[in-house]
Each structure stands twice: as structure tokens, then as C-alpha cells.
Colleague: 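To start, I am sharing the structure in question, which I have written as C-alpha cells.
Residue numbers begin at 1 in each chain, while the letters A, B, ... track the order of the sequences.
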Number of protein chains: 2
Amino acid sequence: MSSPRRITLKELAAELGVSTASVSNAFNRPDQLSPALRERILGEAKRLGYRGPDAKARSLRTGRSRIIAVVLAESLTYSLNDAVASELLSGIAEVLDAHGHTLLLLSGRQHASQAPGSASIADGFIAYGLLPPTLMVSADLPAQRPLVAVDFSPEGYPAVHIDNEPASHMIARHALRTPPRRPAIVSLRLTAEPCNGRVTQAHTQLPPEQTITRSRLAGFHRALEERGFTPSAVPIWNIEENTFEVCAPVIAEILDLPDEERPDLLLCMSDRIALTALTLAEQRGIRVPEDLRITGFDGIAEGQYRAPRLTTVRQDSVEKGRIAARMILGLEPAEPRLLHTALMIGDSCP
Amino acid sequence: MSSPRRITLKELAAELGVSTASVSNAFNRPDQLSPALRERILGEAKRLGYRGPDAKARSLRTGRSRIIAVVLAESLTYSLNDAVASELLSGIAEVLDAHGHTLLLLSGRQHASQAPGSASIADGFIAYGLLPPTLMVSADLPAQRPLVAVDFSPEGYPAVHIDNEPASHMIARHALRTPPRRPAIVSLRLTAEPCNGRVTQAHTQLPPEQTITRSRLAGFHRALEERGFTPSAVPIWNIEENTFEVCAPVIAEILDLPDEERPDLLLCMSDRIALTALTLAEQRGIRVPEDLRITGFDGIAEGQYRAPRLTTVRQDSVEKGRIAARMILGLEPAEPRLLHTALMIGDSCP
DNA sequence: CTGTTAGCGCATTCAA
DNA sequence: TTGAATGCGCTAACAG
């Protein structure tokens, strides 16, 4: 079965006895040729199975591919299963779609090792949570390609953020209205060295521009201080990956502490963490919120459908994606943006 | 701010006083030049900010882009929020990543209208749930590009499926062991005309090759018949989109029927539908499984973490994605595949 | 081991 | 309104 090589524009032109320019125009600039000829060309094209100009050649020639790459910090496998990342992608996809662009998914890891090539096909980049290594080959060089950052702040590029510190302060403040005996914090990727468990003095924390976690922690700490707690005395457990599987053992470690040591308030940095805590607490017969109050962060749908409903901070990740996409398409100025969040008081921490 | 035009391979070669071939080889075929020269080239490249061969030109020249497109039946916005579609994408991404390929996301709709161009950049296609219109420009033409179908069966292409009919039969058989008084079916995109509500004789059903729903219905009906029910007497409600928002009103309609008409068994064609039913039943004080038994389909994580745990059929969408990806990369023969499913007996229908 | 050369398929000048 | 010519940046033959 010899593949009947895809017909080219040139061949189509030859077949019709017209110039390649006319065929090109028939597809790209209808006003540049007579309707009659255009119709004839399009008809013959369809008859011969010519589907229009080849994207590879077209993008080489024009320099534009109508492809925007999204570079994700985590693996695609992980990101696609994360509600927040998925929502971000939804928002991006919505805008790109509406403007005839398509979405290329890259992961930071893959990107670094192999296939450093396919990146340069994109007209622009949206980076989520980290700066793609291939783009910072030499940091002192001027920005070479349009890039918008989401949830981190690389120097020299516009970034879209939510108000992490105030949001965290707000929810912690709410939670602390009812004074806990033993508050605790469950953070997400806070430490420089991977750590699934209790954070100690030995751990160094990631720099604030590399992780939103630091801002969230700052917000928690400010609220704790205001309520008369000593922030440094409040234990922190850390989690490296926002999945049930990774969260569960850490949460179990917390919940299985002796009654007199077990926290009665968990300030969690994501809804996934909070939901895992909710599930494991249920399994152990720990009552929420009577014995244990839990707060989340993100406002993902799953946390609002189940009972008890999660007390959390809602961030609009879809909108974050829309804005990033509009920026990269030049539909709005590429300047730093800060989105606001909303406190959602559910049943897990009334 | 004049953008310092990206340096080209040719310019780099000139700068170094070597041929373009050597530079190309330095990046693509290390064994084709002396380590010394290669090192010199790579060093200078880094110094000048040359990131390697341009993907656009490279793909034109070689004919391959290392990009695989996934064409989704629904909008990207929808698909990215659907657990099953996300899992499929995860599986695909996992394999593509591992082999240095990247993932281009296309939606059937967008694809049809605009940007028919960017599709031809892909080396191959994985179509989920529908045949991309641009690919069937003339059906009688031989298959022009590698394509693998998932969850539907276009003529002339390999397809990856699960055993929908036996799986549905299996779960319905289980559910009917405890004879219900009033069983009902909640289907997903069963009808040719969009319908969110009760399905009547006036509705025509989609042809089996276009929707897996028909197979699932057949499985349910076979089990009903075996248990002495008249399939045609069992009411069907249909839902067009697998989201809480769209499911909720239809489920509400069912649950708000007078007690003596309300079904006491819901055979749902997706976990999302079943979970919505679970949530709405809870809100109404309808006890599951005492007053209402519910079965799902898919085996998504969300259904297994919550209480009561969903009785469902688990399909491995991730593996489905892996297989499709391996086929499109030529890592395994492109022939029809049928994946098996597993009955998961939870609390919603013991 | 290194250099020269000829396109990949197309969009866009410019001339007719 | 149409056609001929040029090269986008690169890789793969081939020649040296």
C-alpha cells in the first residue's frame, strides 16, 4: 500500500494550468483573484483531495504557526489530572480556540531533556509555575520570544497571579476566629529538597519568586500572629505532589498522632490536600468540623459538591488562563496582572 | 525594542567559519563530526543564543514534526474538565513524552471551522469520539494520514475500544440481583437530537458506530431481559454533557417524581451522572442504597474517594490512551483493540 | 571527517 | 487580475 503522497499546491496549480500564486491566493486572500477562478481552484482542490496549504511550509514561510505552547511545571500526566491546572488550560484553550490558534502541551521536564526542538514551532509561550530551561539559555540575552508567566515571576516577563498572601491571610483569619488548640499547616512544594512529611529547621524553603507557596505561608503566618500565635511554633507538613496518592500518607501521619498531639485545625494550601484530609478523617471517625477543622485553597468543584462542603478560597483559574492567552495573542497589554479571590465558607470550617 | 532576530544555523556557521552541515550535525548527529569541532560549535551556539535548529524549517525539511494531534469530540474546555478525557490524554501524553513527541490539542468543532491548517503540522492523529471533518474531505480517498480512533469506529482506521456491551451487561446484572421495583436508565448522548430529559419514542437514536452509548444500552437491555423485565418499558433519561451543571436538572427531574413513580434503581452511563445523582439524593434525604440504588460507569477516582463509594465499572482510560499513542507512533501494530473492564462493587449498589 | 548543493511547500514581492 | 521568481531555515545526499 504505497501512500499516495499528499498533493502539493504546486501540483494543483499545474493540474489547473494556473500559477501557484493564484492557488495560494484562493486559500489565503480571496480578494486577490476573480471569484470564478477561485471557485474553480477550490473545486479542483476538493476533487483531488488537496486540503489547503501545508502547515509546515506555511509556517516556515510566514514565520507564524498559530500554535501557542503551554509549558507546565509538572508532567503532563500529572497536570491533566490536577483540577487547577486543567481549569487553567480550559481558559487558555477557550481563548486560543476563539482566535483560531491551537494548543501545544509541553512539560518542563520533557522539555529540558529531549525534544527541545518542537518548542520553536510555537508563536508564543505560556509558562505555568516555572521558566522553561530552554528559554533561559542565556539570561542576559533580551527576551527572544513572547512569554507570559502564570503563578510565578520570572524577571523580564509579564506574569498573571492571584493575591496569594491576602487570600491566605483571609482564610486563616476566618479559621482562627474560633481559636484552635493546635493549628497546623499543610504546604505544597515549600522546600528546596523534596519533602513529604513534617518540615523541620533543616529544610530550606524555596525563594518566593519561584513558588506561590511562600506567599501563602506568609499570609497564614500574618493571621496567626494577629491572633496571638507564634508562627514558628505552628508545625508545617509539606507535600510534593497535589494528588490523593501522595497526600494520603502525610495526612495519615498527622491524623494518627496521639489525640493530645493531633492538630484540631489544618490550614491546607490546596483543596486536594484538604479533601484528602476530609476523606481520611472520615475513615478514622474523626468528626469534621467538631474534632478537626479543615480549610483548603483553590475552590475546585469537587470540594463544593461533597458533604461536608469545603471551606476554602476560590481562585478563578479559568480566568487566569484566559488572561494569559489574551496577553500572548496581543489582545491585551502584556503587563503584570493580579486576580482576586473569594472566601468560601463551607462546613469543614464554619 | 527591535527584536534581535533569532540567529540562524547558517549565520552561526558563517560566524564559526564552518559549513552549515557541520552545525546541523553538531545538533543532530554527534557521530558525524569530531568531538572537538562539535564542542566548539555548541559552545559558540550557546554564547550567541542559538537554541538549535528551528522547528518550523526542520519539520518542513524532514517531513516530520514530532507532534501528534489529539482531536477531541467536545470542546477543549469541556474535555479538560472531564475525568475520563483527562485520563485518556494522560495516557497519551505519557507515551508521547517518553518518545520525544509533543501533544497538540484540537477540538472537533474548532477544527471544522477555522484553523484547518495547523492540523497538517501533525505527524499523526488520535481521534476521540468522532472523525475530524477535515480528514474525511473525500471519503473514497485512501487514508492519507495515520489516525487511530478511540471510542468510535470509523471505517478504514484502527480503533481502541472497551467492551461496552459486556461491561454494561455485567453491572446491570449485578444491580438486578436485588430486583428493583422501578429501574431506570440515564444515558449520555444517546439521541440524534440533543435531549436533556426523558427519552421518548419521538427521539431517534444515534447509530452504534458513532456512539458507545448504544452498546451500553444494549448491555443494560440484555441484562434486564434476562431478569424478566421488558426493556422497552424501562424509562430512559438522556443527558447531553457529562457535567454536574447539565446533569443536575435532569437528575432533579427524576428524583422529584412522586414517591410511587420515582425509580429505585438508576443505571447511569457515567460516573459523573451517578455522582450527581448521589449528591442530589443526599440533598433530598433520599437514602442510598436503601431508597435508591445507583450504578455508574468509568470508575473515576472521585467516585471511589467519597462515601458512599460508587458501584461502577472501571475502564482504564489511561491505558486506552497509552495504546492509542503507541499505535500512532508505530510502537505496536495498528489493529483494533478491545480493553476489558472490571466491576467495582461499592456502597451505592451493593 | 568536512564542505557544497539542492530542494522540502509555500507566500510574497514584482512585472506583465 | 495573473504569473514568474525568490528564499524562509534547514537536512540529506554526495563530493572532497
Colleague: Return the residues of residues 54-63 of chain A meeting this criterion: a heavy atom under 4.0 Å from some atom of DNA chain D. Order them by number, or give none.
Modeller: A:Leu60, A:Arg61
Colleague: Taking the minimum atom-to-atom distance to the side chain of B:Ser24, which one of C:dT12, C:dG3, D:dT11 wins?
Modeller: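 Looking only at heavy atoms from C-beta outward on B:Ser24, the closest nucleotide is D:dT11.
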Colleague: Considering only side-chain heavy atoms of B:Ala21, which listed nucleotide, D:dC10, C:dT4, C:dA11, is closest?
Modeller: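 Between D:dC10, C:dT4, C:dA11, the one nearest the side chain of B:Ala21 would be C:dT4.
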Colleague: When the axes are fitted on five pairs at both termini, how much does the helix from C:dC1-D:dG16 to C:dA16-D:dT1 curve, in 10° steps?
Modeller: 30°
Colleague: By the side chain to side chain donor-acceptor pair (under 3.5 Å) test, which pairs, at least two apart or in different chains, include something from residues 53-62 of chain B?
Modeller: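 Residue pairs with at least one partner in residues 53-62 of chain B: B:Asn28-B:Arg58.
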Colleague: Output every pair passing salt bridge (charged side-chain N to carboxylate O under 4.0 Å, His left out) with a member in residues 149-161 of chain A, not counting sequence neighbours, ordered by first then second residue.
Modeller: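 As it turns out, the salt bridge (charged side-chain N to carboxylate O under 4.0 Å, His left out) pairs with a partner in residues 149-161 of chain A, which skip direct neighbours, are A:Asp151-A:Lys320.
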Colleague: Report the residues that fulfil side chain to side chain donor-acceptor pair (under 3.5 Å) with A:Thr77, sequence neighbours left out, ordered by chain and then residue number.
Modeller: none
Colleague: Listing request: all side chain to side chain donor-acceptor pair (under 3.5 Å) pairs with a residue in residues 33-43 of chain B, at least two apart in sequence or in separate chains.
Modeller: none
Colleague: Ignoring hydrogens and angles, write down the donor-acceptor pairs under 3.5 Å from the side chains of residues 12-20 of chain A, residues two or more places apart or on other chains.
Modeller:
| residue | atom | partner | partner atom | Å |
| --- | --- | --- | --- | --- |
| A:Ser19 | OG | A:Ala21 | N | 3.3 |
| A:Ser19 | OG | A:Ser22 | N | 3.3 |

Colleague: Between A:Phe152 and A:Tyr157, does the ring centroid distance fall short of 6.0 Å?
Modeller: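 They do not qualify: ring centres at least 6.0 Å apart.
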Colleague: Of all the nucleotides listed (C:dC10, D:dA12, D:dC10), which has the minimum atom distance to the side chain of B:Thr8?
Modeller: D:dC10
Colleague: For A:Pro207, enumerate each residue passing the side chain to side chain contact (heavy atoms under 4.5 Å, CB included) test, keeping only those at least two apart in sequence or located in another chain.
Modeller: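 By the side chain to side chain contact (heavy atoms under 4.5 Å, CB included) rule, A:Pro207 matches A:Glu209, A:Gln210.
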Colleague: In whole Å, what is the span from the CG atom of A:Asn25 to the C1' atom of C:dC14?
Modeller: 14 Å
Colleague: Rounded to the nearest Å, what distance is computed from the NZ atom of residue A:Lys10 to the P atom of nucleotide D:dA4?
Modeller: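 These atoms are roughly 12 Å apart.
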Colleague: Write down the distance between OH (A:Tyr50) and P (C:dG9), rounded to a whole number of angstrom.
Modeller: 10 Å
Colleague: With sequence neighbours excluded, tell me which residues meet ring pair (Phe, Tyr, Trp, His ring centres under 6.0 Å) with B:Tyr78.
Modeller: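 Ring pair (Phe, Tyr, Trp, His ring centres under 6.0 Å) list for B:Tyr78, sorted by chain: empty.
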Colleague: Can you tell me the distance, in whole Å, between the CZ atom of B:Phe27 and the P atom of D:dC10?
Modeller: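 My rounded result for the distance is 9 Å.
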Colleague: Let me know the distance between CZ of A:Arg64 and P of C:dG9, rounded to the nearest Å.
Modeller: 22 Å
Colleague: Using the test side chain to side chain contact (heavy atoms under 4.5 Å, CB included), find all partners of B:Pro158 that sit at least two apart in sequence or belong to another chain.
Modeller: B:Val148, B:Met327, B:Ala334
Colleague: How would you list, by chain and number, every residue that makes a side chain to side chain donor-acceptor pair (under 3.5 Å) with A:Thr211, sequence neighbours excluded?
Modeller: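 Applying side chain to side chain donor-acceptor pair (under 3.5 Å) to A:Thr211 gives A:Thr213.
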Colleague: Short of 4.0 Å, heavy atom to strand atom, which residues of residues 28-44 of chain B count as contacting DNA chain D?
Modeller: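 By residue number: B:Asn28, B:Arg29.
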Colleague: Would you check if there is a donor-acceptor pair between the side chains of B:Asn81 and A:Ser90 at a distance under 3.5 Å?
Modeller: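 Per modelled atom types, A:Ser90 and B:Asn81 side chains form a pair under 3.5 Å.
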Colleague: If I take atom CG in residue B:Leu9 and atom P in nucleotide D:dC8, what distance separates them, rounded to the nearest angstrom?
Modeller: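 For the pair B:Leu9 CG and D:dC8 P, the rounded distance is 13 Å.
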